[in-house]
Amino acid sequence: MSVPSSPSKDFIREIIDEDLSSGKHDSTVTRFPPEPNGYLHIGHAKSICLNFGIAEEYGGRCHLRFDDTNPSKEDVEYVDSIKEDIQWLGFDWGDHLYFASDYFDKLYKWAKHLIDEGKAYVDDQTFDEIRKGRGDLTTPGTDSPFRDRSAEENLELFKAMKKGEFDDGSKVLRAKIDMAHPNLNMRDPILYRIARAHHHRTGDEWCIYPMYDFTHGQSDALEYVTHSLCTLEFENHRPLYEWFLDNLPVPSQPRQIEFSRLNLNYTVMSKRKLLQLVEDNHVNGWDDPRMPTISGLRRRGYPPEAIRNFCKTIGITKFQSTNDMALLESGVRDVLNRDARRFMAVLDPLKVVITNYPEGQSEEIETVANPENPDAGMRHFSFSREIYIERDDFMEDPPKKYFRLSPGNEVRLRNAYFIKCEEVIKDADGNITELHCTYDTDTPRGENPSDGRKVKGVVHWVSAAHSVDATVRLYDRLFSVESPDSAEGTFLDHLNPDSLTEMPNAKLEGNLAGVPNGETVQFERLGYFCVDKESSAENRVFNRTVGLRDSWAKVKAKS
RNA sequence: AACUCCAUGGUGUAACGGUAGCACAACAGAUUUUGGUUCUGUUUGUCAAGGUUCGAAUCCUUGUGGAGUUGCCA
């Protein structure tokens, strides 16, 4: 009913505005129609945000409808995961959960209707004969020898097909349209095939199943969907979609509108390829944090809000674009910077002994949990004589703009004192094993030294005696090239060998032991990290969601 | 070489015949107890050629480039 006014809208929302103001429709009904044959990925999120988003904005509704017309590929496992992912993204279909299989009876009647009208026939040709008869892109097809069977004969045959009197694949029901049509979809498309497959909902009730084309538009019409939004590859199907609406006594006239699917660089999006990554163990399951699946992004620690914002930002057009992963990550940082609690964690520890700090002594430090959000409150942790710092926060022979710790140099320990490196301890092989430093009692948190001296470097740390151990998994892009789909060789040739790095000896601030599974926090100066589902009190596991912007890395890379 | 669709900075996306704007990225600077955040500034664009018009990213023509379609998949 309401037409939200905003500065600019995509072409689909413009069409909806027109349909509302012209009186063509007085409410808006959309639908998200996945086939339950795999896990949802971020490309589906684009469609979900579009369809459910429009329903919210226009005060309409969005149906969740499972397009389950090909039982050999489908399973309830996928139905469940799809529901979970949509809800996690923050959308709700309310009472409007549907299955195309709910319409099998209706569709069967409509098929008989077409037969009665002389607009459908049973074809006995083999698979190959049908294919050959279809012609190709530049040559028209030829009529099937069975094309002119009488309506009576067709009806008997079709009923017999349903009763199971014929073998799988031996006959099909086809629409009688035009074998010379320039659009191949209109060359007498197949409506029903015989397939004795157990359906996850209808069981063994049917041995004939309707095709996508004979199902989708009619399902939309039955649900009074006003705008049926799908991706570009269905563009050529629209004439057929409309042919069924025109030739069947459907209760409403939905309109199909196509938009471009989401592409992201440095990853693949096709179900087939994602399946291959899982089956060949290039990743650890559908929810591997490197996967572009919704479940993978969730496990990676991406907030649903960031995914929704991303979908809003990339917009809806018919242009086949490839979006930059950096845009997604930027949105993830935005949300997490605002929401994530801060902690300190050392991934690659180097022990530091503060030689002038009394043995056996410790003190409690208080600081904010999140500087961006005062409501997050305070946190407390301990400082003591032995601490860990990040190994790459020390260099024995530093380059010019290196602000961190080096021999004789002084840095600020984050939330604590200045320390100065006095001595580097090495093992027999020359590896640095320990640093001996002194601290300045004049420089606790919140105070600068009375002599006015300053330091440029701030280094995070954890108290050795108060730390907890953890494994931290660092994730990088799954592929090393921007478009693995079009790169030389197969996409598997371009897997990034360093997409996963395990840091098995990480030392965490003690407070991190209490963070629940699934929460994403910031490890100060390092990035955002999410408690993995495999994490336990005995064996803590964190996944890096995304690193912080790192301008030092850029400086370093240049030199 | 059929039909359909698409073309705006590096990547996306606005501008609906009237100043080409925004985000990300990049670069420079300021602030900073996160080399984070925040703030300021800079660079970069209408696929090409014609036409219509006072005026074209926008309308028309042609070309070029890209995508989809020859499943009893969706």
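Order of the sequence lines sets the chain letters (A, B, ...), proteins ahead of strands, with each chain counted from 1. Because the structure is a prediction, the values reported are computed rather than measured.
Judged by distance alone with a 3.5 Å cut-off, no donor-acceptor contact links the side chain of A:R549 to the base of B:rG35. In the interface, the side chain of A:E372 is paired with the base of B:rG36 through a donor and an acceptor atom under 3.5 Å apart. Between the base of B:rU34 and the side chain of A:R525 there is no donor-acceptor pair shorter than 3.5 Å. Applying the 3.5 Å distance criterion, the base of B:rA2 shares no donor-acceptor pair with the side chain of A:H181. Side-chain atoms of A:R338 and base atoms of B:rU37 include no donor and acceptor less than 3.5 Å apart.
Where stacking is scored as ring centres under 5.5 Å apart with planes under 30°, A:W552 registers as stacked on the base of B:rG35. In this pair, A:F403 lays its aromatic ring flat on the base of B:rG35, centres within 5.5 Å and planes under 30 degrees apart.
Contacts of A:K456 with the nucleic acid, taken as non-hydrogen atoms under 4.0 Å apart, are absent. The residue A:P371 sits close to a base: some heavy atom pair falls under 4.0 Å. The residue A:S260 sits apart from the nucleic acid: no heavy atom pair falls under 4.0 Å. A:M344 comes within 4.0 angstrom of no nucleic acid atom, judged by non-hydrogen atoms across all strands. Here A:Q125 lies in heavy-atom contact (under 4.0 Å) with a base.
Map A:S321 and A:K318 each onto its nearest nucleotide of RNA chain B; the residue landing nearer the 5' end is A:K318. Residue order along RNA chain B, read from the 5' end via each residue's closest nucleotide, puts A:T322 first among A:T322 and A:R342.
For the pair A:M186 CE and B:rU69 C1', the computed distance is 14 Å after rounding to whole Å. A:D67 places its CG atom 8 Å from the P atom of B:rA74, with the value rounded to the nearest Å. For the pair A:E235 CD and B:rC5 P, the computed distance is 7 Å after rounding to whole Å. Taking atom CG of A:D550 as the reference point, atom C1' of B:rU34 lies 11 Å away to the nearest angstrom. A:Y417 has its OH atom 18 Å from the P atom of B:rU33, to the nearest Å. Nucleotide B:rC3 holds its P atom 20 Å from the CG atom of A:L240, rounded to whole Å. Atom P of nucleotide B:rC24 and atom CG of A:L264 are separated by 17 Å, given to the nearest angstrom. Whole-Å rounding puts the A:N70 CG to B:rC72 C1' distance at 10 Å.
No side-chain donor from either of A:Q522 and A:E524 sits under 3.5 Å from a side-chain acceptor of the other.
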